**Student:** 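Please read through the structure below; I'll follow up with questions.
Just follow the structure's listing: the first ligand is 1, and inside any ligand the first atom is 1. All values reported here derive from a predicted model rather than from experimental measurement.
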Amino acid sequence: MLVQLGVPYWQDPEEGKKARWALAGVIALTLGQTGVSVLFNFLGRDFFNALSQKDAERFTQMLFKWLGGIALGVPVFVYRDYLQSRLSLEWRDYMTRKLTEDYFRNTTFYQIQSGAMIDNPDQRVDLISFSGILYSIYPPLFLALLVYSIGGTGTSLFLGRKLVGLNFQQEAQEANFRFGLVRVRENAESIAFYNGEASEAKLLFQRLSAVVVNYGQLLVTSRNLSFFTSFYRFLIQVLPAAVVAPLYFRGEIEFGVINQSSSAFNHILTDVSLVVYQIEALAGFSAIIDRLGEFSEVVETFASPDQGSADASGNGSSAPQRIELIDVPTATQHSPAGQPLLRLEGVTLRIPDGSRTLVDSLDVEVAPGESLLVVGPSGAGKTSLLRAIAGLWSSGSGKITRHALASHQRYGKAVSADGSGGDILFVPQRPYMVLGTLREQLLYPTWPTGANSKDVAHARRPPGDDELREVLAQVRLSPLLQRSSQAPSNGNSAAAAGLDCQADWAAMLSLGEQQRLAFGRILLSKPKLVLMDEATSALDIDNEEHLYKSIAEAGVTFVSIGHRPSLASFHQKVLRINVSGSQDANDSPKPVWELANAA
Ligand SMILES: Nc1ncnc2c1ncn2[C@@H]1O[C@H](COP(=O)(O)OP(=O)(O)OP(=O)(O)O)[C@@H](O)[C@H]1O
C-alpha cells in the first residue's frame, strides 16, 4: 500500500526529477554524517586516552581537533535533516494534491494526513562503518549487541502489537467527532428551531466518549511499552562498558577504547533499534497508511470507467445495465440546426441498488430555445432524472445525449469545444454558497476562485464589476452591496464592502435570496442549457416570474422541476412523471409518464 501511495511522486516527470536530486543530496549528506561520526569516534578515543595519561599537550591538541570537527560536522548534520524534511514535505504535498484531485474527480471529500519516511539509507551506512569498529575492538561485544537488539525488537513488537489498530480507531473516532461538530455548525439554525441542542450534545458526547475510551487504551498500551523501552535505553548506557571492562582491567586495552566502544555500540544500537524507539510513531504511521489505502482503493474503484459509479444495478441480472451518457461537443455557441440540446431515448431509470424503477422508457428532447417543466408527486423521481442527466446516476438503461458539455462541473475534464467552459448549468433547490466574497458567489462555478489559465481554459474573461453590479440589480439583490464584512478574514484588513464583502452567505442570506443569487450566476455564465430543481421554491410569485423572464430573454434553454402551478406559464412543454397502481409495499407500482404542451 505504501508503494502504491508513495511511488507516483518519484515517477512524476517534473517533481520526480527534483525529488531524485534531493534524495541524492540526502544520501550524500548521510554518508558525510557517518564520516563525521566515525571521525568523532576516533577523536573521542584519543581525547580520553590523553586525559587518562595526563598528557596535557596532546589533550590541548585533541581539544582543538575536536572543535575543528564540530565546525565541520554541524553543517552536515543540520543540512541533512533540513533536506530530508523538505523532501518529506514536498512528497506529502504531492501525495495530498494527487489524492485530493482524485477525490474531487469522483465527487467525494477527504482530508489527508500523511507522513513520508526516508530514514532507511542512513541506518544502513552507519551500521556498516560502526560494526567494523566494534568487531575490531572485541567480537563478543558485537554479539552482545546483536542479541540485545533482536531481543529488544521482538519484545517491543509483542508489547506494541495492538497499537496499529488502536491508532486506526483513534483517527476514525476523532474524525467522527469533528464531523459531528461541523454538522452542528452548518445546521445551527435548524437545530435551534427544533430545540435540538440536548440531542445534539448527547450525540457529540457519545462520539467524544469513543475518542476518550480509545485514547485511554492507547495510553495503557504505550505505558506498558514505555516500561520496556526505558529499561532498554538505560541498560545500554553501561552494557558496552561492562562487556569490555575486563579487557581494560587486564591492561589489554587503553581507557579511551572503552569510550570508543560505548560510542560505536550506541550508534549501531540506535540504527538497529528503530522499531524499539519508534514503535509508537511507526504504529501511527501504519494506521494512517491503512486509512489512506482504503481511501485510495475506493477512489480507484470510482475512477474506473467500467465500475464508475457505485450505483451499478445490483438486481441479480448478470451484466448490470447502465444508462449511456453521450456528450457531443459543439463547435459553436449554438447546437447545429435541428439538433436538440438534450435528448433522452428509451431512458429507464432505477434507484442506485436497482431495486425500484422510477422512470420507464422515457423519450423526450429539448431543442435550443425550448423550455420543459418536469412535474409529478413527491418521490416520483424528478430530481433523480436530473441526476441521470448530470451523469451522477446511471442505474437503468437507454441513452442520454447532450449537445452541450457540462464541463466546468467535472473536475479534471476537458472544457467545451468553444472554450467557454461549461454549457450546462445545474441549479439545485438550495444553491451552494461558497466561502468567500460576494463577487466569488456570483462567479461560481464558471470562474472558480483562484483558478489560473492552466486549470480552466475559459475563452471568456470573468465579468467586470459593472457587469456584476448590473446582474445583481437584475436579480434584485443590489442591497447586498451595502453590506460589509462581518469580520475581516485575516484580522488586519479593514472591513471590506460591496463586491468584496466576506460573509457566511449560506447562513446570512434567506433561501429566496440564495435562489435569486443562483439566477445571477445563470445570467453571468449564460450557459446553453440550465437544469433547475425547484430553483424558485422559496420565491414569491412576482420574483419568480421576473427571474424566469430574465433568463428566457437572455436566450437560455431551460428544464425545470417544480410543484407550483404558476410555473407552467414560463415553459413550453410539461413532462409529468408519476406512479400508477397501489403504493402497497408488496405490489410494485408502475412508473408512468406523459409529455404535453403547456397550457
Ligand atoms: N441514494 C438513494 N438510494 C435509494 N433511493 C433513493 C436515493 N435517493 C433518492 N432515492 C429515492 O428515489 C425516489 C425519487 O427521489 P427524487 O429525489 O428523485 O424524488 P422527487 O420526485 O424529486 O421528489 P420531491 O418532489 O419530493 O423532491 C424517492 O423515493 C427517494 O427516496
**Student:** V374 pairs by side chain to side chain contact (heavy atoms under 4.5 Å, CB included) with which of L386, T383, D533, L575?
**Tutor:** L575

**Student:** For the CZ atom on R183, are there more than 12 heavy atoms of other groups (residues, nucleotides or ligands in this structure) within a distance under 6.0 Å?
**Tutor:** no

**Student:** Check the pair Y444 / Y432 against ring-ring contact (aromatic ring centres under 6.0 Å, His included), numbers first and verdict last.
**Tutor:** CA-CA 9 Å; Y444 183 85; Y432 174 62; 5.6 Å; yes

**Student:** Select all protein residues for which some heavy-atom-to-ligand 1 distance is less than 4.0 Å, and list them by chain and number.
**Tutor:** I351, P352, R356, L358, P377, S378, G379, A380, G381, K382, T383, S384, R387, W393, E534, H563

**Student:** Taking D542 first and then R476, would you say they form a salt bridge - that is, a charged N and a carboxylate O separated by under 4.0 Å?
**Tutor:** yes

**Student:** For H546 and F519, what are the C-alpha separation, side-chain angles and deciding distance, and is it a side chain to side chain contact (heavy atoms under 4.5 Å, CB included)?
**Tutor:** CA-CA 11 Å; H546 171 71; F519 272 80; over 6 Å; no

**Student:** Quick test of your reading of the model: are K549 and E553 salt-bridged, counting only N-O distances below 4.0 Å?
**Tutor:** no

